[in-house]
Trainee: 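The structure's right below; bear with me while I get my questions together.
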Amino acid sequence: MFAVGIVAPRGTFDIMPDDAGLWQFVEGLVRETFEKCGYREIRTPMFEHTELFERGVGSTTDIVEKEMYTFKDRGGRLITLRPEGTAPAVRAFVEHGLASRALPAKLYYMGPMFRYERPQAGRYRQFHQFGMEVMGAAGPEADAEVIAVPLEIFRAMGIQDVVVNLNSIGCPSCKPAYRQRLQEAYAPVLGRLCPSCKSRYDRNPLRLLDCKSEECRAALPEPPTIFGQLCPECSAHFDGLRRLLDKLGVGYVINPRLVRGLDYYTKTTFEYNVGGIGSQDAIGGGGRYDGLVEECGGPPTPGVGVACGMERCVLAAQANAADQEYQAGMDVFIVSLGEAARERAFELAHGMRREGLAVDFDMIGRGLKAQMRYADKMRARFVAILGDDELATGEATVKDMSTGEQTRIAQAELAACVRRQ
RNA sequence: GUGGAUGUAGCUCAGGUGGCUAGAGCAUCAGAUUGUGGCUCUGAGGGUCGUGGGUUCAAGUCCCAUCAUCCACCCCA
């Protein structure tokens, strides 16, 4: 710890070299999978005008009400560290006129998000998400793809037993009637609801559904579901989505209480849950947002997307799979004895690196044994020893660290010799 | 924002009812092996006992406060 006691801020953490290999593995998997499916990366700023999230995510959401990192910059602009990836992606889609280029636009992103919450297992103030967005595709094929592709990534990571929760929350033509029906159903028991649900009753009645408090569940154990009230279009969309998921063999649970905390969703909402990572068991979620592009100043454009929490995925992968080694190791470590040999080692190492090999050498003039130990810890496949003898003849002693076999070869042959094995 | 638990070495943790220079394992470094890693043995370095105050002849230990971490609630990734 630092003398002045400075540590990483609350809710943040360092990914240290021992863990970075695993993260690189996950990141590579995400990229590879998305690109294989025809998605292209978009990188948006880490902060945006606060207004984007207030309008896009919705002013009654927990994110906007109490979780945003918002501040005034030196120019007096109101700025917010991005709490999620969809609103910025939509903003960029509109700003750069992607709507008038080839549709659908299939985008993916990966990077840090920020929410001011009390940290706990699987929850941080700076966390990482990967996600995908399809804009300009109204049919259920887009929803089905957006649900299926992350499952592919989970599977490749070794995450088992992912439960897909699925729901539809309707569209502007059928949602209002359902909202009203919910309010009517809850009206008689309003006095028995928890304080936050009392305010939800007026502001965002759908959120009454996903309150987990005992009192609210007891007040109305079986609230009316939307399924009888979906308009023909939403109903057909939902059926179509289910058919496609069945075709892919993707299992799911219909959960009429799955509302999700973002206001922009229409029709499809879904969430992935796993066990064994603490009480925050959602590793990803998403849904359709057919009005969002227009809301952000673009032409009417349907959209659907998903976002997954990378640290929760990593936790789930570690809970399932045994510890795996993701560190690369290196091809050759050059051991040098004496100053002249060290200079030669430096020269040889850089030359071999130019030939594409992973090579390191001793920089601090330690003894032979210490250098050997270090080479072993760095998991070098070969060690090349340079001492006075080798220096005199222009050779090196090459040791295969897995077998212990040793040979002397010309220094000029080193790279070729290593590459052969 | 609310509740609970926990803060002793880089890491994981011991230290009944207060009492000598605060310990172990792992890790690091070195030696055993004067030019050879892993295994073994030996040794060394490394500690404001989270911080501040209080009680006491005496506090890592008891009391209060504070900060931090973890877990849970809310909600979400």
Trainee: Between A:Glu65 and A:Thr60, do the side chains contain an N or O donor and an N or O acceptor separated by less than 3.5 Å?
Mentor: no

Trainee: For A:Tyr116, is the NZ or CZ atom of A:Arg125 found under 6.0 angstrom from the centre of its six-membered ring and inside 45 degrees of the ring axis?
Mentor: yes

Trainee: Ignoring hydrogens and geometry beyond distance, is the side chain of A:Lys369 in donor-acceptor contact with the base of B:U36 at under 3.5 Å?
Mentor: no

Trainee: Please give me every residue in residues 402-421 of chain A whose heavy atoms get under 4.0 Å of an atom in RNA chain B, ordered by residue number.
Mentor: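 RNA chain B contact set from residues 402-421 of chain A: A:Gly404, A:Gln406.
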
Trainee: Quick check for you: among B:G35, B:A30, B:C76, whose closest atom lies nearest to any side-chain atom of A:Arg366?
Mentor: B:A30

Trainee: Would you kindly compare A:Gly367 and A:Gly11 by the position of their nearest RNA chain B nucleotide and give the one closer to the 5′ end?
Mentor: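 The residue whose closest nucleotide sits nearer the 5' end is A:Gly367.
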
Trainee: So how far is it from A:Leu337 CG to A:Arg366 CZ, rounded to the nearest 0.5 Å?
Mentor: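 Here the interatomic distance stands at 13.5 Å.
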
Trainee: Kindly point out which of B:C73, B:G35, B:A30 is positioned nearest to the side chain of A:Ala370?
Mentor: B:A30

Trainee: Can you tell me the distance, in whole Å, between the CZ atom of A:Phe114 and the P atom of B:A77?
Mentor: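 Whole-Å distance recorded here is 16 Å.
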
Trainee: Find the distance A:Leu368:CG to B:A30:C1' and express it as a whole number of Å.
Mentor: 15 Å

Trainee: Which nucleotide, B:G35, B:A77, B:A72, lies nearest any side-chain atom of A:Leu337?
Mentor: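 So the nucleotide nearest the side chain must be B:G35.
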
Trainee: Check if the side chain of A:Arg312 and the base of B:C76 share a donor-acceptor pair of N or O atoms closer than 3.5 Å.
Mentor: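 Side chain to base: pair present.
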
Trainee: Which nucleotide sits closest to the side chain of A:Gln120: B:G35, B:C76, B:C74?
Mentor: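 Nearest to the side-chain atoms of A:Gln120, counting from C-beta on, is B:C74.
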
Trainee: Using salt bridge (charged side-chain N to carboxylate O under 4.0 Å, His left out) as the criterion, list what pairs up with A:Glu405, not counting sequence neighbours.
Mentor: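 By the salt bridge (charged side-chain N to carboxylate O under 4.0 Å, His left out) rule, A:Glu405 matches no residue at all.
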
Trainee: Which nucleotide, in any strand shown, forms a Watson-Crick or G-U wobble pair with B:A32, with both distances under 3.5 Å?
Mentor: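 Its partner is B:U40.
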
Trainee: Would the base of B:A77 count as contacting A:Glu117 through its side chain, where contact means a donor and an acceptor less than 3.5 Å apart?
Mentor: yes

Trainee: Taking side chain to side chain contact (heavy atoms under 4.5 Å, CB included) as the criterion, tell me which of A:Leu258, A:Asn255, A:Thr269, A:Leu241 meets it with A:Leu166.
Mentor: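 Of the listed residues A:Leu258, A:Asn255, A:Thr269, A:Leu241, the side chain to side chain contact (heavy atoms under 4.5 Å, CB included) partner of A:Leu166 is A:Leu241.
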
Trainee: Given B:C76, is OP1 or OP2 found less than 4.0 Å from the side-chain N or O atoms of A:Arg115?
Mentor: no

Trainee: Nearest of B:A77, B:A30, B:U36 to any side-chain atom of A:Arg373?
Mentor: B:A30

Trainee: Mind checking who B:A65 pairs with, Watson-Crick or G-U wobble, both distances under 3.5 Å?
Mentor: B:U51

Trainee: Can you check side chain to side chain donor-acceptor pair (under 3.5 Å) on A:Thr86 and A:Glu133, steps first, answer last?
Mentor: CA-CA 7 Å; A:Thr86 299; A:Glu133 313 288 347; 2.8 Å; yes

Trainee: Only pairs with both distances under 3.5 Å count, Watson-Crick or wobble alike; so what is the partner of B:G3 in this structure?
Mentor: B:C71

Trainee: To the nearest 0.5 Å, what is the distance between OG1 on A:Thr407 and CG on A:Asp400?
Mentor: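 Atom-to-atom, A:Thr407:OG1 and A:Asp400:CG are 9.0 Å apart.
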
Trainee: Hey, does the side-chain of A:Lys377 have a donor or acceptor N/O within less than 3.5 Å of a partner on the base of B:G37?
Mentor: no

Trainee: For B:G10, which nucleotide is its Watson-Crick or G-U wobble mate, given both distances must be under 3.5 Å?
Mentor: B:C26

Trainee: Which listed nucleotide (B:C75, B:A30, B:C71) is nearest to the side chain of A:Ala121?
Mentor: B:C71

Trainee: Is any side-chain N or O of A:Arg118 under 3.5 Å from a base N or O of B:G3, one able to act as donor and the other as acceptor?
Mentor: yes

Trainee: Of the options B:C75, B:C76, B:U36, whose atoms approach the side-chain atoms of A:Arg123 most closely?
Mentor: B:C75

Trainee: Using Watson-Crick or G-U wobble geometry with both distances below 3.5 Å, tell me the partner of B:G45, or none.
Mentor: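 No nucleotide pairs with B:G45.
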
Trainee: Looking at residues at least two apart in the chain, or sitting in another chain, which of them share a side chain to side chain donor-acceptor pair (under 3.5 Å) with A:Arg179?
Mentor: none

Trainee: Suppose we define a pair by two distances each less than 3.5 Å, Watson-Crick or G-U wobble; what does B:C57 pair with here?
Mentor: B:G19

Trainee: Regarding B:C76, can its base be found pairing with the side chain of A:Glu67 as donor and acceptor, where the two atoms are less than 3.5 Å apart?
Mentor: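 It does not, because no donor-acceptor pair links the side chain of A:Glu67 to the base of B:C76 below 3.5 Å.
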
Trainee: B:A77, OP1 or OP2 - any side-chain N/O from A:Arg260 closer than 4.0 Å?
Mentor: yes

Trainee: Counting side-chain heavy atoms from CB outward, which of B:C29, B:G35, B:G37 is closest to A:Ile385?
Mentor: B:G35

Trainee: Quick one: A:Asp18 CG to B:U28 P, roughly how many Å, whole number?
Mentor: 11 Å

Trainee: Ignoring the backbone of A:Phe127, work out which of B:A77, B:U36, B:U28 is nearest its side chain.
Mentor: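 The answer is B:A77.
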
Trainee: Rounding to a whole Å, what distance do you find between A:Arg125:CZ and B:C76:C1'?
Mentor: 15 Å

